[in-house]
Number of protein chains: 2
Amino acid sequence: MSNGRQSSMADVAQRAGVSMATASRALNGSPGVAETTRERVFLAAQELAYVVSPEASRLARGTTRRVAVVVPHISRWFFAAMLEGVEGVLREAGLDVLLYHVGDCEDRRDFFDRLPARRKVDAVVVLAFPVDEHEQRRFQLMGVDIVAAGGQHATYPYVCIDDEQAGRQAMDHLLFLGHERIAMIAAVDPDQPAALQQGRSDAYYAALGDAGLPVDGQLVVTVDWGGAEGATAMDRLLSLRNPPTAVYAHSDEVALGAIRSLRRAGLSVPEDVSVIGIDDHPVAELVDLTTVRQPVEVQGEIAGRIVVDLLSGQAAQKSVTVPTQLVVRGTTAPPRGARQRA
Amino acid sequence: MSNGRQSSMADVAQRAGVSMATASRALNGSPGVAETTRERVFLAAQELAYVVSPEASRLARGTTRRVAVVVPHISRWFFAAMLEGVEGVLREAGLDVLLYHVGDCEDRRDFFDRLPARRKVDAVVVLAFPVDEHEQRRFQLMGVDIVAAGGQHATYPYVCIDDEQAGRQAMDHLLFLGHERIAMIAAVDPDQPAALQQGRSDAYYAALGDAGLPVDGQLVVTVDWGGAEGATAMDRLLSLRNPPTAVYAHSDEVALGAIRSLRRAGLSVPEDVSVIGIDDHPVAELVDLTTVRQPVEVQGEIAGRIVVDLLSGQAAQKSVTVPTQLVVRGTTAPPRGARQRA
DNA sequence: AACACGAACGGAAACGTTTCCATCCCTACC
DNA sequence: GGTAGGGATGGAAACGTTTCCGTTCGTGTT
C-alpha cells in the first residue's frame with residue numbers, strides 16, 4: 001500500500017513540473033502562484049501522499065508551531081479540564097501541544113534546570129502554576145511567550161477567577177442561611193509555593209468581619225489538597241468542644257472528604273452540618289454538593305486564545321478574570337437553631 | 001542577561017577549538033572523542049548556554065524523539081490518569097509527548113483524514129480508543145509504531161484489564177451477598193464505536209447464568225457514559241413494578257448517578273439497594289462506593305514502557321493484562337430479605 | 001626500522017524546507 | 001511601438017545538525 005519512501009517536496013515539484021520554490025509557495029498558500037499551477041501542485045502532492053517534513057519546514061522557518069503546556073497534576077479534574085480547553089483552541093489553530101507534567105518539587109527543579117522545552121516551542125502556558133522569581137529567570141532564557149491560567153500571575157498574561165470573590169460567594173451563602181459558627185478547611189498544594197489560594201482564605205476572614213462575627217482560630221484548619229485530607233480536617237473539627245454548624249472548604253474534593261467524615265460520625269448533611277465547596281467538580285452534581293462554580297474549561301480556552309493571538313502577532317488582551325457563580329444544591333441549609341427558631 | 005541570539009553549534013565548536021563534527025560527537029556522547037576534548041566542548045557549551053536545535057538535529061537524524069498520545073476525553077479521570085502514567089515514563093525516557101484530543105466523531109474523522117501527527121512522531125499511543133479498519137489503514141500510512149492502552153486491541157500491542165473478569169468480580173460480590181434481582185447499567189461512549197466494554201456486559205449474563213438466575217431484560221439499561229445518565233437509568237429501573245435490589249454499574253460515575261437517584265427517591269444505600277461500580281475513581285473512596293479497582297495509571301506506564309522498548313529497538317512484550325480487584329466499601333450489603341432471613 | 005592499526009579529529013555532504021533575489025514574459029499605458 | 005510595471009517562476013543560499021570518509025598521529029608489532 002505504501003511505497004517504502006516518504007516522498008519529498010522535490011518529487012512533488014518534479015511531478016507537477018515546477019520548481020521547488022513554486023511548489024513550496026503553492027502548498028503554503030503563499031501569494032504569487034497562478035491558480036492553475038497551485039492546483040497542479042496540490043494534485044501531485046495528493047497523488048504522492050506527500051506531507052511536508054515538519055522538522056525541515058520549521059528549521060527553515062525558524063518557528064515551531066508548537067506550544068508547551070505545563071501542568072502540575074494531570075489526573076485532577078481541574079487541571080485536566082483546563083488542559084482540554086487549551087488543547088482545543090490550540091489544535092484548532094494548527095498548533096501542536098507538548099505536554100509537560102511537572103508534579104512534585106523534584107520534577108519542578110528538573111524542569112527548570114534542564115528546560116526540556118527549550119527551543120522546542122513558540123510559547124508555553126502554565127496551568128495553575130505559580131512561578132517564583134528564579135523560575136521566571138529560567139523561563140526568560142527560553143525567549144518565548146508565557147501565559148498563565150488558573151492562577152493569578154502578575155508577570156505574565158493570565159486568566160483566572162477572582163478567588164476572593166468566589167470565597168465570598170460561598171461564605172455569604174452560609175452567612176445568609178444563618179450560620180454563625182463556620183469552619184474553613186483550607187487546602188494547599190504541598191508541591192507548590194503557597195500563596196495561590198490565599199484569596200479563598202482572605203474571603204473567609206473578610207466575610208466574617210463584615211458580618212460582625214468573631215474569628216475562632218480553632219475553626220480554621222489547613223491541609224494538603226485532597227479528599228482524604230479533607231476528611232482528616234473534618235475529624236479535627238469534630239473533636240472540638242463546640243463544632244461548627246457549617247464548613248467552607250476550599251475545593252469540592254476537600255468538601256467531599258469532609259462529608260464522609262460527617263456521615264461516619266453519624267451526622268447528617270445538611271441537617272446537622274452544612275458543607276460548601278468551590279469548583280463545581282462534575283461529581284458535585286452527582287452528590288448534591290452546594291458549591292461555587294468556576295468555568296474551568298473556558299479558562300483553558302481563553303488561555304489558548306491568548307497564546308494564539310500572541311503568536312499571530314496581534315497584541316492580545318493581557319489578562320482575563322472570569323466570573324464565578326454560587327450553585328445551591330443539597331448540602332447547605334439553615335442551622336438547626338435557625339430552623340427551630342423559624 | 002541573555003544576548004539576543006541563540007548560539008549555534010558552530011560557536012561552541014569554535015570556542016572549544018574543535019570542528020563541528022567533534023563538537024557534535026562530544027555533546028551526543030558518541031564514541032571517538034578524547035575525554036579532555038569532550039570536557040572542553042561541554043564547558044564551551046555551558047558558557048554559551050547552548051542547546052541543540054531540535055529541528056536541525058531531528059532533520060539530520062531522521063527521528064523525532066516525540067510520541068503522540070491520542071485520547072478521547074482528557075478531563076475524565078480515567079483518561080487523565082492514564083495519560084499521566086504514559087507521560088511519566090515517556091518523559092523519563094527523554095521523549096516528548098504530543099497531545100491530541102480526539103473527542104467526538106467529527107474530531108475523529110478530522111484526525112484520521114488529516115493525520116496531523118504524521119511525520120511528527122516516532123510512535124503513537126491510543127488511550128481507550130478502539131480503531132476501526134479504515135482508521136487502521138490510515139495509521140499505517142504514518143509508518144510508526146502504535147500501542148493501545150485501556151482498550152483491548154488485537155492489531156497493536158496493548159495493555160488493558162480483563163473487562164469480563166472485572167465484571168465478574170462485581171457481579172459475584174453481589175451474588176455472594178445474596179442478591180437475586182440485579183440490574184445492570186451499561187455505559188457506552190456515544191462518540192466511539194461500541195464493543196469496547198462488551199466484556200463488562202458479558203460478565204453480567206455469565207454470572208447470572210452460573211448462578212442459575214434468570215435474565216430479566218427490563219433490568220438491563222444501556223445509557224451514554226456519564227453520571228447524569230446513570231441517574232436517568234436508575235430512574236427507569238425504579239419505575240419497574242419490581243425494582244432490583246442491587247445495581248451493577250459499568251463505571252463509578254454511572255454508579256454515583258444511580259445513587260443520587262436512589263437517594264432522591266427516598267431509598268437508602270445499601271439498606272434498600274446495593275450499588276457497585278467499576279474503576280475505583282478517586283471519589284469512590286470519598287463516597288464509600290464499593291467498586292472494582294483497576295490500576296489506571298499503571299496501565300499508562302506500561303503502555304509508555306512498551307513504546308520506549310519499541311523505539312529503542314528491543315522487541316517489547318506484545319501486550320499486558322493487568323489485574324483488577326474488588327474493593328468493598330459502604331454501598332453494598334445483603335438484600336433486606338436475606339438479612340431478615342439471617 | 002618499517003609497517004599496520006586504531007584512536008582522534010576535520011571536511012563536507014546530506015537532511016528537506018523556506019525565502020531572497022533575479023529572471024522572464026505579458027499587459028497596459030504613454 | 002517602446003517601455004514600465006507587475007505577476008509567475010526558478011536558482012540557490014540559508015536553517016543547524018549528524019555522519020560518512022578521509023587524514024593525521026602515536027603506539028605496538030615483527
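Per chain, numbering begins at 1; letters A, B, ... match sequence-line order.
The pair Arg66(A)-Glu55(B) counts as a salt bridge, with a side-chain nitrogen and a carboxylate oxygen less than 4.0 angstrom apart. Between Arg58(B) and Asp96(B), at least one side-chain nitrogen of the basic residue sits less than 4.0 Å from a carboxylate oxygen of the acidic one, meeting the salt-bridge criterion. Here Arg108(A) pairs with Glu135(A) in a salt bridge; the nearest charged N to carboxylate O distance falls below 4.0 Å.
Note on Ser30(A): nothing from the nucleic acid sits closer than 4.0 angstrom, heavy atoms only. Counting any heavy atom pair closer than 4.0 Å across all strands shown, Gly62(A) reaches no nucleic acid atom. Among the heavy atoms of the strands lying under 4.0 Å from Ser24(A) is at least one base atom, whether or not backbone atoms are also near.
With rounding to whole Å, Leu59(B) atom CG is found 9 Å from dG16(D) atom C1'. Between the CD atom of Glu35(A) and the C1' atom of dT9(D) there is a distance of 15 Å, rounded to whole Å. In this structure, Arg61(A) atom CZ and dG16(C) atom P are separated by 17 Å, rounded to whole Å. Between Arg25(A) atom CZ and dT17(C) atom P there is a gap of 15 Å when expressed in whole angstrom units. Rounded to an integer number of Å, the gap from CG of Leu27(A) to C1' of dT17(C) is 11 Å. Counting to the nearest Å, the P atom of dA13(C) and the CE atom of Met20(B) are 14 Å from each other. In this structure, CZ of Arg38(A) is placed 9 Å from P of dA8(D), rounded to the nearest angstrom. Atom CD in Glu55(B) sits about 11 Å away from atom P in dG16(D), given to the nearest Å.
Side-chain proximity of Thr22(A) to the nucleotides dT17(D), dG16(C), dG10(D) is greatest for dG10(D). Among dT19(D), dG16(C), dG11(D), the nucleotide with an atom closest to any side-chain atom of Ser19(A) is dG11(D). Checking dC9(C), dT18(C), dA8(D) against every side-chain atom of Ala34(A), the shortest atom distance belongs to dA8(D). Closest approach to the Met9(A) side chain among dA12(C), dG11(D), dT18(C) is made by dT18(C) (side chain taken as heavy atoms from C-beta onward). Ranking dT19(C), dG16(D), dT17(C) by closeness to the Ala21(A) side chain, first place goes to dT19(C).
Regarding contacts with the backbone of dC9(C), a side-chain N or O of Thr37(B) is found under 4.0 angstrom from either OP1 or OP2.
Cation-pi geometry between Arg15(A) and Tyr50(A) is not met: the NZ or CZ atom fails to fall both under 6.0 Å from the ring centre and inside 45° of the normal.
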Report the C-alpha separation of Glu84(B) and Arg76(A) in whole Å, then their side-chain angles, then the decisive distance to 0.1 Å, and conclude whether the salt bridge (charged side-chain N to carboxylate O under 4.0 Å, His left out) test is met. CA-CA 10 Å; Glu84(B) 185 161 330; Arg76(A) 286 190 199 165; over 6 Å; no

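With hydrogens and angles ignored, no donor-acceptor pair closer than 3.5 Å exists between the side chain of Arg58(B) and the base of dG16(C).
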